[in-house]
Amino acid sequence: MSEFRNAQAADRFRAAYDHALATLWPGPRTAQDVPTAFGTTRVQRTGTPQGRPIVLLPASGGNALMWHHQLDQLAQHHEVFALDPIGEPGASVQTAPIVDGADAAAWLEGVLAALDLADVHLVGCSYGGWVALQHRLHHPGRVGVMTLLDPAGFNGFGFRFYAWLIAGGLAASAPRALRPRLARAVGNSAVLEDELMKLTRAAMGFRRALPVPPVLTDEELRRIDLPARFLLGARSALHDSAAVAARISGLLPTARVEVVPGAGHSLPMDAPDLVAERILAQLSSRAD
């Protein structure tokens with residue numbers, strides 16, 4: 001299972017998490033711990049219950065705070081549930097392993113069921129996008145519409161992706177004056193996020209033990225039979241975005257697919273306003 005290396009590592013991360021939460025999310029919110037078969041999931045709730053609920057799943061190594069650029073805009077007319085996934089560094093507590101996509105889907109279904117949510121707009125970034133797709137494959141019913149940002153599951157994690165991660169880490173450690181230029185060079189605006197980078201460094205004492213997403217088959221993709229929007233970074237280090245866009249369009253003719261010019265894999269930070277606009281646009285396409 002995922003866990004901190006020791007109590008000191010856990011304490012350092014919790015202090016960084018609490019500081020980032022107070023800094024990046026100073027507005028109204030409610031923290032709720034939701035029990036599931038895999039542990040207790042921390043959910044940050046904000047917004048109004050009048051609109052269709054939005055559930056946010058972060059990328060690998062992330063938590064609810066990675067959505068801080070989009071929260072205010074999304075919460076104006078919708079209730080927003082930002083999750084700290086089980087097995088990722090955050091405020092959730094894991095008690096059972098997640099070994100495959102079926103387990104990841106069962107964890108998410110447990111959260112949605114405990115929150116009594118239906119007709120959800122599920123938004124997932126990278127690894128969170130893969131979890132969203134797995135949920136649709138294993139537990140169709142609760143989710144009515146999806147927006148997926150550069151989702152995993154369309155390509156293996158190759159050298160280019162790991163080189164991008166390392167380059168981003170080095171860029172984030174560079175002098176502040178150099179970071180904007182380095183962020184452009186490596187295609188990763190996340191390195192300019194001081195609080196998130198502090199949180200990432202604090203998470204170095206966390207051992208992540210979650211399944212590596214296998215490449216989705218054509219048969220699996222054809223089963224994603226709900227309104228779906230895919231945003232892909234033109235500079236994504238995870239996959240060939242043009243090829244992924246062509247595959248999605250060929251297998252899911254009703255899906256909306258957009259390759260975002262100039263953006264990389266970290267879409268919520270690379271194109272923050274566009275991401276919020278596209279999430280809301282996908283909601284309006286299913287407005288009652």
Side-chain angles (χ1 to χ4, degrees), residues 36-38 41 54-62 83 85-88 96-113 117-158 160-161 208-233 236-260 265 267 275 278-279 282-283 285-286:
T36 74
F38 301 91
T41 301
I54 302 174
V55 175
L56 303 174
L57 297 174
S60 171
L83 275 53
I86 291 285
E88 303 283 10
I98 293 176
V99 300
D100 55 20
D103 281 351
W107 159 74
L108 180 55
E109 176 66 11
V111 174
L112 299 179
L117 293 179
D119 199 20
V120 166
H121 183 184
L122 187 57
V123 181
C125 180
S126 187
Y127 195 89
W130 175 76
V131 173
L133 290 167
Q134 291 299 312
H135 182 266
R136 183 62 184 181
L137 294 174
H138 293 281
H139 298 278
R142 290 188 185 275
V143 175
V145 61
M146 289 196 303
T147 299
L148 305 178
L149 314 179
D150 225 47
F154 290 87
N155 197 58
F157 292 90
R160 182 185 173 207
F161 180 73
R208 182 179 182 275
L210 289 173
V212 175
V215 176
L216 293 155
T217 67
D218 288 356
E219 185 274 333
E220 287 173 326
L221 281 175
R222 291 191 184 98
R223 288 164 53 198
I224 308 303
D225 54 347
L226 81 173
R229 183 184 295 264
F230 292 79
L231 297 180
L232 308 172
S236 175
L238 181 61
H239 43 226
D240 180 336
S241 295
V244 171
R247 185 178 179 218
I248 293 170
S249 297
L251 295 171
L252 299 173
T254 62
R256 291 176 168 89
V257 186
E258 180 179 357
V259 178
V260 182
H265 185 57
L267 277 164
V275 165
R278 297 300 190 270
I279 292 171
Q282 186 68 0
L283 274 167
S285 72
R286 277 288 312 278

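Predicted, not measured: the structure shown is a model, and the values here were computed from it.
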Exercise. Under the ring-ring contact (aromatic ring centres under 6.0 Å, His included) test, which residues partner His121, sequence neighbours left out?
Worked result: none

Seminar exercise, completed: Gly144 and Pro227 have their tightest heavy-atom pair at O-CD, 3.4 Å

Exercise. Would Val215 and Phe154 count as a side-chain contact (heavy atoms from CB on, under 4.5 Å) if you check the C-alpha gap in whole Å, the side-chain angles of each, and the deciding distance to 0.1 Å?
Worked result: CA-CA 5 Å; Val215 176; Phe154 290 87; 5.8 Å; no

For this session: Not counting sequence neighbours, list each pair that qualifies as a salt bridge (Lys or Arg N to Asp or Glu O under 4.0 Å) and has a residue in residues 242-255.
Result: Asp218-Arg247

For this session: Evaluate side-chain contact (heavy atoms from CB on, under 4.5 Å) for Thr254 paired with Asp225, printing each intermediate quantity in order.
Result: CA-CA 9 Å; Thr254 62; Asp225 54 347; over 6 Å; no

Problem set entry | Minimum-distance pair of heavy atoms, taken over all atoms of Asp100 and Asp103 | OD1-N, 2.9 Å

Problem set entry | With Ala132 via side chain to side chain contact (heavy atoms under 4.5 Å, CB included) - residues at least two apart | Leu57, Leu122, Met146, Leu148

For this session: For the pair Arg229 and Arg278, evaluate side-chain contact (heavy atoms from CB on, under 4.5 Å) and give the outcome as yes or no after the intermediate values.
Result: CA-CA 8 Å; Arg229 183 184 295 264; Arg278 297 300 190 270; 3.7 Å; yes

For this session: List the steps, then state whether side-chain contact (heavy atoms from CB on, under 4.5 Å) holds for Val111 with Val55.
Result: CA-CA 10 Å; Val111 174; Val55 175; over 6 Å; no

Exercise. Is there a donor-acceptor contact under 3.5 Å linking the side chains of Ser236 and Asp150?
Worked result: yes

For this session: Identify the two heavy atoms, one from Leu231 and one from Leu267, that lie closest to each other, and give their separation to 0.1 Å.
Result: O-CD1, 3.3 Å

Problem set entry | All side chain to side chain contact (heavy atoms under 4.5 Å, CB included) counterparts of Ala245, not counting sequence neighbours | Leu232, Val257, Val259

For this session: Determine yes or no for a side-chain-to-main-chain donor-acceptor pair under 3.5 angstrom, with Gln282 supplying the side chain and Ile279 the backbone.
Result: no

Seminar exercise, completed: The side chain to side chain donor-acceptor pair (under 3.5 Å) partners of Arg208 (sequence neighbours excluded) come to Ser60, Glu88

For this session: List in chain and number order the residues that pass ring-ring contact (aromatic ring centres under 6.0 Å, His included) with Trp107, two or more places apart in sequence or in another chain; answer none if no residue qualifies.
Result: none

For this session: Apply side chain to side chain contact (heavy atoms under 4.5 Å, CB included) to Glu109 and list each qualifying residue two or more places apart in sequence or on a separate chain.
Result: His135, His139, Arg142

For this session: Look up atom CD1 in Ile54 and atom OG1 in Thr147, then write down how far apart they are to the nearest 0.5 Å.
Result: 8.5 Å

Problem set entry | Contact check, side chains of Val143 and Leu226, non-hydrogen atoms, under 4.5 Å | yes

Exercise. Roughly how far, to the nearest 0.5 Å, is CD of Glu219 from CZ of Arg222?
Worked result: 8.0 Å

Problem set entry | Residues which pass side chain to side chain contact (heavy atoms under 4.5 Å, CB included) with Pro97, listed by chain and number, not counting sequence neighbours | Met1, Val99

Problem set entry | Distance (rounded to the nearest 0.5 Å) between Leu216 CG and Leu137 CG | 7.0 Å

Exercise. What closest approach, in Å, do Trp130 and Ala152 show between heavy atoms, and which atom pair accounts for it?
Worked result: CB-O, 3.6 Å

For this session: Measure the OG-CZ distance between Ser241 and Phe230 for me, rounded to the nearest 0.5 Å.
Result: 13.0 Å

Problem set entry | For the student: nearest non-hydrogen atoms of His265 and Ser126, plus distance | NE2-OG, 2.7 Å

Seminar exercise, completed: For Pro85 and Gly62 the tightest heavy-atom approach is CD-O, 4.1 Å

